[in-house]
Amino acid sequence: MRSLNQLLVPVFGVALVLSTSIAQAQEGSIIRDAEYRILERQHGDRWATEDKDIDVKLAEFREKNGGNPPNILYILLDDIGFGEVGMPDLDVVRGYSTPNITDFADQGMSMMRMYTEPSCTPTRVAMLTGRHPVRTGFDEAKAVPEGEGLADREVTLAEVLSENGYATAHIGKWHMGDIEQSYAINQGFDYAEHPIHQQAQLALMNSTALNEGHVDGVDLRLRSTDLMLDDTFRIDPYAMVYGTVGEKGGAIREVHMEPGQKFSQDDYVAMGQRYKQSTLDQLEKLAKGDKPFFLQYWPLFPISFTRTDIEQAQTLNGGPVAEAIVKVDGYIGEILTRIEELGIADNTIIVIMGDNGPFMEFVDKSGQSDRIYRGGKTEHLEGGVRVNAFVRWPGMIEEGTRVKDITHVSDLFSTFARLGDGEASIPRDRIIDGVDQTALWLLGETHGRRDYVFVYEGFVLRSLVKQQYKMHLPPPGGNPILAAMYDLYKNPREDRPQDSIRIGVGFGANFSLMAQRHLAMKELYPDMPPGHGPLYGGIENLRPETKELVDNILFAQGLTGKSD
């Protein structure tokens, strides 16, 4: 690797200067990974010509829109893989329908090869920072309190757009950490309502789900404590912080939880309904303002595992996640209707998509399955990282189109930054993986600007996608000849490794070089650690049981010198 690194130095440069402000990071060009540079060398002149025409279209839009760039609404559905929403031909397979999302898809563009990260936090980090989450050190779905989160040195899309005149708001799931610097109001949002943690706490550890046996070992009522010496060696979900509300520049506070309260499925459903209503309220407020807005709605549903709260199934499927998918489709229908009523549909870009594949450990009960692609949440297989993604911008994006160009969730960062006049605010001191896909949206299929994806599981690079081919990397120290390779059009389920020899003859060496270039660039621009800080810092009204939980965690961390 060192010789390869030395070869790359004159081409890509060596400096990595970390910056905590956008303004300090704007000298020079955006730093791109090697694969993008290879494509840029071949297509840069054509892209530059396309961009001039696109700039004219965007200027014409702004002139009609009172000089403003478009509003942006980003709806991200949890654990929804490809084929689970917006594809009516699969209704007979799913046993449920999503008519509102299906109608929305018909009104805009379906990005048929949208790749995400294998789990929820990494996908969210990639979208907000335009960077592979491994680069930020925040690469996994955090389920318990530990004093870690998205670092304040990362520059988020909300910060980029806010600096360029946008009002910003986040409603719903956040899952970016449990430290002050990682809260949404400290990552560029003017207003935010979100839980600190995620559905492992909210949907799997609520009192209803515990009674149904979805999680073992948490509820002390269901086991003897006679030989339990360490009563901190369990997760007490009720002591963790639940929903919070805050505004930029202020503290956040926990809401709708009283001391000693046991969070139930009813509380979870009510929380989800509040977030839907808050999204409607924010639309009303933002539409009346004099700024363009960036609003994120990341609903808690469709994650739901309990059955006792289902009075009567509304779907043929009957699984709790399937039932919740239909319910959240109704929520989205209400939001889309409100946008029409407010008269802002034509100047609002809306993206609706999933964050990763289904949680396969629960498919027997949830009503989900891996369907077209094999695998699910946490896996590098297509079923883990391929999702439905739809974008609508009336008059700018052609209705009813389906594009096969490869897109990665990090591309939304760069694309929205450009469309929001914020491209100059993208940092220049770190690698940006997100590719500007404005040309794909406005010009259509064959105008995408990536033909590759690097797929990580945690900190481990597990597979490479290039055009229609995919290579599963061998384990560290393994012989590259043993790497499995697939033609995703001929074998979309990645289950016939005998194809590897036939494909490897033509592409094996180039796949290997692709990985080496990527890892060499990481030596030039190293991955950074996550942010650390006091657990639940900045929350002004911690309950007594939460303070006790924090004390226990800080004591244990202090024994190893890791307490902040």
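Everything quoted here is computed from the prediction, not taken from an experiment. Numbering starts at 1 and runs along the sequence shown.
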**Report entry** Note, P133 side chain near F138 side chain (heavy atom, < 4.5 Å)
**Finding:** no
Counterpart residues, side chain to side chain donor-acceptor pair (under 3.5 Å), relative to [X] (two or more places apart):
X: K262; result: none
X: H408; result: E117, S410
X: D230; result: T232

Query raised in the report: Quick one: which of I101, I332, T279 gives a side-chain contact (heavy atoms from CB on, under 4.5 Å) with I75?
Result: I332
If the threshold is 4.0 Å, N to carboxylate O, is there a salt bridge linking [X] and [Y]?
X: K377; Y: D355; value: no
X: D527; Y: K522; value: yes
X: R543; Y: E258; value: no
X: K470; Y: E494; value: yes
X: D216; Y: R223; value: no
X: R274; Y: E193; value: no

Pairwise ring pair (Phe, Tyr, Trp, His ring centres under 6.0 Å) hits with a residue in [range], at least two apart:
range: residues 227-256; answer: Y242-F263
range: residues 310-339; answer: none
range: residues 360-384; answer: F82-Y373, F305-F362, F359-F362, H380-H472

Set of residues satisfying salt bridge (charged side-chain N to carboxylate O under 4.0 Å, His left out) with respect to [X], sequence neighbours excluded:
X: D411; value: R450
X: R386; value: E382
X: E457; value: R462
X: K248; value: D190

Report task. Decide whether a cation-pi geometry holds between R124 and W298; the criteria are a distance under 6.0 Å from NZ or CZ to the six-membered ring centre and an angle within 45° of the ring axis. Result -> yes
Report task. Give the intermediate values and the outcome of side-chain hydrogen bond (donor to acceptor under 3.5 Å, both in side chains) for residues Q265 and D309. Result -> CA-CA 8 Å; Q265 178 71 4; D309 59 315; 3.3 Å; yes
Report summary line: Sorted by chain and number, sequence neighbours left out, ring pair (Phe, Tyr, Trp, His ring centres under 6.0 Å) with F104 holds for none
Requested in this report: Just jot down the ring pair (Phe, Tyr, Trp, His ring centres under 6.0 Å) partners of Y275, sequence neighbours excluded, or say none.
Outcome: none
Query raised in the report: What is the minimum heavy-atom distance between M360 and D370, and which atoms define it?
Result: CE-CB, 3.8 Å
Query raised in the report: What do the steps show when you test F293 against H170 for ring-ring contact (aromatic ring centres under 6.0 Å, His included), and what is the final call?
Result: CA-CA 11 Å; F293 65 78; H170 174 88; over 10 Å; no
Query raised in the report: Given the rule in the salt bridge (charged side-chain N to carboxylate O under 4.0 Å, His left out) test, do E334 and K276 qualify, once you have shown the distances and angles that lead to the verdict?
Result: CA-CA 9 Å; E334 291 184 54; K276 182 260 294 183; 3.1 Å; yes
Query raised in the report: Does any donor atom in the side chain of T136 or E154 lie under 3.5 Å from an acceptor atom in the other side chain?
Result: no
